[in-house]
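This report refers to the structure that appears directly beneath it.
Each chain gets a letter, A, B and so on, in the order its sequence line appears, and its residues count up from 1.
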2 protein chains.
Amino acid sequence: MTDVTDVGLRERKRLATRRAIQVAVLNLATERGLDRVTVDEISRVADISPRTFFNYFASKEEALAGDNPELPGEEAINVFVNAGRDADLLAGIAELLVESSEHSVEDYRVSLQRRAILKQHPQLFAMRMASMHQFEDELDAVLTRRLAVDDPILAANPVELSRKSRLVTFVAFAAMRHAWATWGDSDAGTDFPERLRSSFACLGLLFTKADA
Amino acid sequence: MTDVTDVGLRERKRLATRRAIQVAVLNLATERGLDRVTVDEISRVADISPRTFFNYFASKEEALAGDNPELPGEEAINVFVNAGRDADLLAGIAELLVESSEHSVEDYRVSLQRRAILKQHPQLFAMRMASMHQFEDELDAVLTRRLAVDDPILAANPVELSRKSRLVTFVAFAAMRHAWATWGDSDAGTDFPERLRSSFACLGLLFTKADA
DNA sequence: AATTAATTTTGCAGGACATGCAACAATTGA
DNA sequence: TCAATTGTTGCATGTCCTGCAAAATTAATT
């Protein structure tokens, strides 16, 4: 979706319009509060018809939520899948997510604006998490491959394999949520990849300590 | 909210109306699909004014989502908090959630109906998860107490304590999601508490195995 | 360059959602 | 029975969101 490979005029205009809408809704919501912003206003600022707005987003909340992440390229995926069972699973996932978050770097001010608004509206934050079903499924597919490679016995049991990969996916998302939350609480000091690694590291310590 | 202690006529009527709405929206959504159901129809079936509907729920989705869970009573909470650091943390959380889920047992048919509809509409499922912020905060508070009791050194560092409890909360919710998901996939065979324990057990195995 | 095809934008109409407000009804407690 | 509290309802209003078809823009073909 953020691929700049297709540089037809159409694609460029479409992306520009998308960005214009996202910037417009962020600015309006920042200055007067999300509840006082209407689609009509957004459209006026973004210089499009109100009807066109809905060609891009199903709601103003969706426009505000930001683009969904994407998994890194196939090479990185393959490295992760075949890292071997001795390689730290959580650290591997963390690196995938770090690459993913660095893949679509957007304007810093925009990030801060969005962070501020998402902090004021926890429901929006939750909706953002909810909108990541696709990303979740993609990660789940990758994790299924990794788990199957690591444990051929498990691979022979599709039901169990699927259950386990789902669980790991959900747990990974929990760590990602945590990283988002701590990043949102911080005063703009640290960057997000650092938070990601920290959360996943803490996650790993959580349960290994239970043995000691 | 489900307390039957206050048996005034008012409370009873209010609860009855609430249930009537929930049943109405479930039946309508089951027979004709959620998209073809309007608040007006729900109100007609539930025998209330459309305006009254919004005195109970902010949207038809909320009416469909089901009531939020509640933590078990104070006694169970205290037992969990003071279980000691040798007691399995995850298993303890699982039992809290099991008690919580058994606390508000509703009609079995209603559960199945809701499960079927939530399965058809993943966005609704996500919205339900999102609406649990309050429950999440309550669980986080309990976990903060437990972690502080288990580790006095950590208790002296409020920031780290808060971060860790948040992470455990999110991970616990991930396991709960997993339990919901596997329960939704099953053919009505097993019950939810069983799934909860299974998911939490699997979660515990996930990382301890990494040492072997 | 001209024409055709594919895609996007826009206006319009219309239904549904959601809230504030004030009048009305029902429950409670004295 | 009366007053206070709480819940219900109708109305008005603004916003959301979708379908549809015409107009405009870009792409592709000759």
Side-chain angles (χ1 to χ4, degrees), chain A residues 1 3-26 28-29 31-65 117 121 123-124 127 130-131, chain B residues 1-26 28-29 31-65 117 121 123-124 127-128 130-131:
Chain A
M1 190 171 285
D3 280 352
V4 204
T5 55
D6 190 342
V7 280
L9 178 55
R10 239 169 208 163
E11 287 302 320
R12 270 183 291 138
K13 273 200 163 183
R14 218 181 146 71
L15 192 57
T17 301
R18 186 181 176 84
R19 296 286 173 246
I21 294 175
Q22 290 175 318
V23 168
V25 66
L26 276 174
L28 285 172
E31 75 182 42
R32 102 180 53 170
L34 178 57
D35 300 334
R36 307 265 172 260
V37 176
T38 68
V39 172
D40 282 33
E41 287 171 314
I42 300 170
S43 308
R44 234 189 323 273
V45 173
D47 207 39
I48 57 171
S49 144
R51 184 63 185 84
T52 299
F53 174 89
F54 291 104
N55 289 341
Y56 286 85
F57 300 98
S59 64
K60 58 181 176 183
E61 286 79 16
E62 188 178 318
L64 201 55
I117 294 174
H121 299 267
Q123 296 176 343
L124 273 189
M127 284 189 66
S131 75
Chain B
M1 188 170 286
T2 327
D3 279 355
V4 204
T5 55
D6 190 343
V7 281
L9 177 54
R10 242 173 206 156
E11 286 302 318
R12 268 183 293 139
K13 272 198 166 185
R14 214 177 151 73
L15 192 58
T17 301
R18 186 180 176 84
R19 295 289 173 242
I21 294 175
Q22 290 174 319
V23 168
V25 65
L26 276 174
L28 286 172
E31 74 181 43
R32 102 181 52 170
L34 178 57
D35 300 334
R36 307 265 171 260
V37 177
T38 68
V39 173
D40 282 32
E41 287 171 315
I42 300 170
S43 308
R44 233 188 324 272
V45 174
D47 207 39
I48 55 171
S49 145
R51 184 62 186 85
T52 300
F53 174 90
F54 290 105
N55 288 342
Y56 286 83
F57 300 98
S59 65
K60 58 181 176 183
E61 286 79 15
E62 188 179 318
L64 201 56
I117 293 175
H121 300 266
Q123 297 175 343
L124 273 189
M127 285 189 66
R128 174 170 171 74
S131 75

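End-to-end axis angle of the helix from C:dA1-D:dT30 to C:dA30-D:dT1, from C1' rotation axes over five pairs per end: 30° (rounded to 10 degrees).
A:V39 pairs by the side-chain contact (heavy atoms from CB on, under 4.5 Å) definition with A:S43, A:F53, A:F54, not counting sequence neighbours. For B:E61, the salt bridge (charged side-chain N to carboxylate O under 4.0 Å, His left out) test picks out no residue, with sequence neighbours left out. Under the rule for a side-chain contact (heavy atoms from CB on, under 4.5 Å), the partners of B:E62 that lie at least two apart in sequence or sit in another chain are B:F57, B:A58, B:S59. For A:D40, the side-chain contact (heavy atoms from CB on, under 4.5 Å) criterion is met by A:T38, A:P50, not counting sequence neighbours. Looking at residues two or more places apart in sequence or on another chain, you find a side-chain contact (heavy atoms from CB on, under 4.5 Å) between A:T17 and A:I21, A:I48, A:Y56. Taking B:R32 as the reference, B:E41 meet the salt bridge (charged side-chain N to carboxylate O under 4.0 Å, His left out) condition, with sequence neighbours excluded. With sequence neighbours excluded, the residues forming a side chain to side chain donor-acceptor pair (under 3.5 Å) with A:S131 are A:N68, listed by chain and number.
Nucleotides of DNA chain C nearest to B:V39 and A:R14 differ in position, and the one nearer the 5' end is that of A:R14.
Contacts between residues 46-58 of chain B and DNA chain C, counted as heavy-atom distances below 4.0 Å, involve B:R51, B:F54, B:A58.
Here C:dG20 presents its C1' atom at 12 Å from CZ of A:R36, a figure rounded to the nearest Å. Per the geometry, NZ belonging to B:K60 stands 16 Å off P belonging to C:dG15, to the nearest Å. The distance between atom CG of B:L28 and atom P of C:dA16, rounded to the nearest whole Å, is 14 Å. Rounded to whole Å, atom P of C:dG15 lies 12 Å from atom CG of B:D40. Between B:D35 atom CG and C:dA16 atom P there is a gap of 13 Å when expressed in whole angstrom units. The separation between A:E61 atom CD and C:dC17 atom C1' is 13 Å, rounded to whole Å.
With values rounded to the nearest 0.5 angstrom, A:R19 atom CZ is found 5.0 Å from A:L15 atom CG. For the atom pair A:K60 NZ and A:I42 CD1, the distance stands at 6.5 Å (nearest 0.5 Å).
The shortest distance between side-chain heavy atoms of B:Q22 and B:R18 falls below 4.5 Å.
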Contact letters for nucleotides 21-30 of chain D, in which S counts primed atoms plus P, OP1 and OP2 and B counts the base, heavy atoms under 4.0 Å: ----BBS---
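Every pair tested for salt bridge (Lys or Arg N to Asp or Glu O under 4.0 Å) that includes a residue from residues 42-55 of chain A fails, sequence neighbours excluded, so the list is empty.
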